Number of protein chains: 2
Amino acid sequence: MDEGLRERKKRQTRRRIADMAMGLFMARGFDQVTVAEVARAADVSVNTVFNYFGTKEDLFLDRQEEVEDLQSRVVRERGKGESVVAAFRRDFMEAIEERDWRYGLNEGADVFGRLVGDSPSLLARFRELEHAQTQRLARTLAEESGAAPDDLTPSLVAAQILETTRLLSRHATARTLAGESWAEIVPQLRSQAEQAFDLLEKGISGYCVRV
Amino acid sequence: MDEGLRERKKRQTRRRIADMAMGLFMARGFDQVTVAEVARAADVSVNTVFNYFGTKEDLFLDRQEEVEDLQSRVVRERGKGESVVAAFRRDFMEAIEERDWRYGLNEGADVFGRLVGDSPSLLARFRELEHAQTQRLARTLAEESGAAPDDLTPSLVAAQILETTRLLSRHATARTLAGESWAEIVPQLRSQAEQAFDLLEKGISGYCVRV
DNA sequence: CTCCAAATTTGGTGTGACTGCAAGCTTGTA
DNA sequence: TACAAGCTTGCAGTCACACCAAATTTGGAG
C-alpha cells in the first residue's frame, strides 16, 4: 500500500546512482569524475541525477546526515547523574573499541577522509555538515537544559564537545593513512582521548547534570 | 628601486578590482553579481580579475587573512603569569569596548555577516578561513608550549578559544542585524563573554602559563 | 482493459565560474 | 633603441547546475 512499484523504483534508482558515483569517486577522486560520467554509469540522464541529489557533493556525503540524530541520542539517553560531557566521553571511548563509524573511526574512514581532503568543494560541504551537526546538538542541549533563548552555553558546549571528538578522530585516521596499524594507534588514541576529555570536563563537567 | 611603475600599477589595479567588487556586492549581494560585471566595472578583462584573485570569493574576503597574525600576536605578547585564555579574555573584553574589527564587532560587521550568510559559496570560503586561523593559532600554541608533535592539546585549546569568540561575535552582530542598538547589546555581551570565558578557564586556565 | 492524471525522466538550452593558450601590449634593461 | 620579461586580453572549452517543454511511466477510476 505504501510501497508501490513507483517508490521501489525510486529507491533503486537512487541507490544505483549513489553506488556508481561512490565507485567512481573511490577509483579516481571526486574532482576527476564528472556528473555526466556518473549519470552514464548509472544509465540515467544528468537531469535525473540532480533530481535525486541537489549537488554533486551530496552524491558523496549522502549517509553522513544521520549522524546528527545519533549524537543527540547520546545526550538524551545518558544515565542518571551523568553529565553531557561524561556521556560523550563514555560513548567515544566505547566507539574507539568498536571502531564506530559515527565518529569516523571505522575501517576505510581514512580513504574517505583522504578523498574529502583532496577536494576543496567536498571539504567545504563536509564542514557545512559538521556545522549543522553542531547546531543540532546545541538545540538538543538547549532543550534538555531549558536554557534561555540567548544563553550561549548550549552552543558553546556543543561546539567544544564535537570539536574535541573531531580532532581525535581526524588525528587517528591521519595516522592510519600514514601507514600505522590500527592496533598500534588505539592505545595512544585512548590516552589522548582521556586527556582531551579531562580538558573538557574540568570546565563543563557540572553542566546539565541529569537529576 | 623596489617600487617601479610596474609594481605600483599592479597594486592600483588590484585595489580597483577589489573596491569595485565590494561596492557591487554590498549593493546587490554576492551571488547577484557576476565576475564579468566586476571586470567591466574595474575596466579590465575577466582574465585579469582571475589573475589577481584565485576565486570570486577571494574578491570579498581579501583582507580577512591578516586576522591570523593578530591572533597569534595576542598569544605571544601576553604578560608574565598570564595564561593563553586569560590573554584572549582580556583582549576580547577590550575589543568589545572598542568595537574591534578583528573579532567582527565593528560597525558594519553585521552587513558583512549578512552578505556572507546569504551566499553558500561565500560562507564555505569563510569557514575555510576560520579553519586556517584555528590551525595557525594551534601552531603558535604548539611552539609556545613546546608540545610534542602528536600532542593534541594545542589544537584543542585553539579550537575552543576561537570557537568561543566567534560565537560571541556572531551573536552580537546577529542582534544588531535584528535592529538592536549597539548600546543596549554591549552590557549583555560583556556578561555573556565573562560567562563564556569562565566556562573555558575552569578547564584550561592552567595551560601554557608564561613563567 | 482503457483512459486519464500525476509523477518521473529526458533532451535541449543557457548561465556563470574557471582554465589554457596564443597573440598583443607594457615595462625594465642592456 | 632593441630585446626580454611580464601583464593583459580574446577565444575556445569544461563543468556544475537551472529552467522548460516534450516524452515516458505509473497509479487508479471506470
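Computed from a predicted structure; not experimentally measured. Order of the sequence lines fixes the chain letters, A, B, ..., with proteins taken first and strands second; residue numbering starts at 1 for each chain.
Closest to the side chain of A:N47, from the set D:dC17, D:dC20, C:dC18, is D:dC20. Comparing C:dA17, D:dC17, D:dT8 against the side chain of B:K56 picks out C:dA17 as the nearest. The side chain of B:K9 lies closest to C:dT27 when the candidates are D:dC17, D:dC20, C:dT27. For A:T48, counting side-chain heavy atoms from C-beta on, the closest listed nucleotide (C:dT9, D:dC17, C:dA17) is C:dT9. With distances taken from any side-chain atom of A:N51 to the nucleotides D:dC11, C:dA17, C:dT9, the minimum falls on C:dT9.
To the nearest angstrom, C1' of D:dG10 lies 15 Å from CZ of B:F50. With rounding to whole Å, B:R125 atom CZ is found 16 Å from C:dA17 atom P. Going from atom CD of A:Q12 over to atom P of D:dT25 covers 16 Å, rounded to whole Å. In this structure, B:R28 places its CZ atom 11 Å from P of C:dG16, rounding to the nearest Å. Put simply, CZ on A:R40 is 13 Å from P on C:dG11, counting in whole angstrom units. The interatomic distance linking B:R8 (CZ) with D:dC7 (P) rounds to 15 Å, in whole Å. Look at CZ on B:F30: it is 12 Å from C1' on C:dG16, rounded to the nearest Å. In this entry the distance linking CD of A:E7 with P of C:dA6 reads 17 Å, nearest Å.
Here B:V38 lies out of heavy-atom contact (under 4.0 Å) with every strand. Nucleic acid contact class of B:V46 (heavy atoms, under 4.0 Å, all strands): none. Nucleic acid contact class of B:F53 (heavy atoms, under 4.0 Å, all strands): none. When heavy atoms are screened at a 4.0 angstrom cut-off, B:V49 is found touching no nucleic acid atom at all.
Residue A:T134 is tested with A:R139, A:Q160, A:R166 for a side chain to side chain contact (heavy atoms under 4.5 Å, CB included); the sole match is A:R166.
Other residues, nucleotides and ligands place no more than 12 heavy atoms under 6.0 Å from the CD atom of B:E107. Crowding of B:E66 atom CD: a count of heavy atoms from other residues, nucleotides or ligands under 6.0 Å exceeding 12.
Between B:K10 and the phosphate of D:dC7, there is a side-chain N or O to OP1/OP2 separation shorter than 4.0 Å. Side-chain nitrogen and oxygen atoms of A:Y52 include at least one within less than 4.0 Å of the OP1 or OP2 phosphate oxygen of C:dT9.
Between B:F25 and B:F30, the ring planes lie tilted relative to each other; the angle falls in the 30° to 60° range.
For the pair B:R14 and B:F53, the cation sits on the ring face: its NZ or CZ lies under 6.0 Å from the ring centre, inside 45° of the axis.
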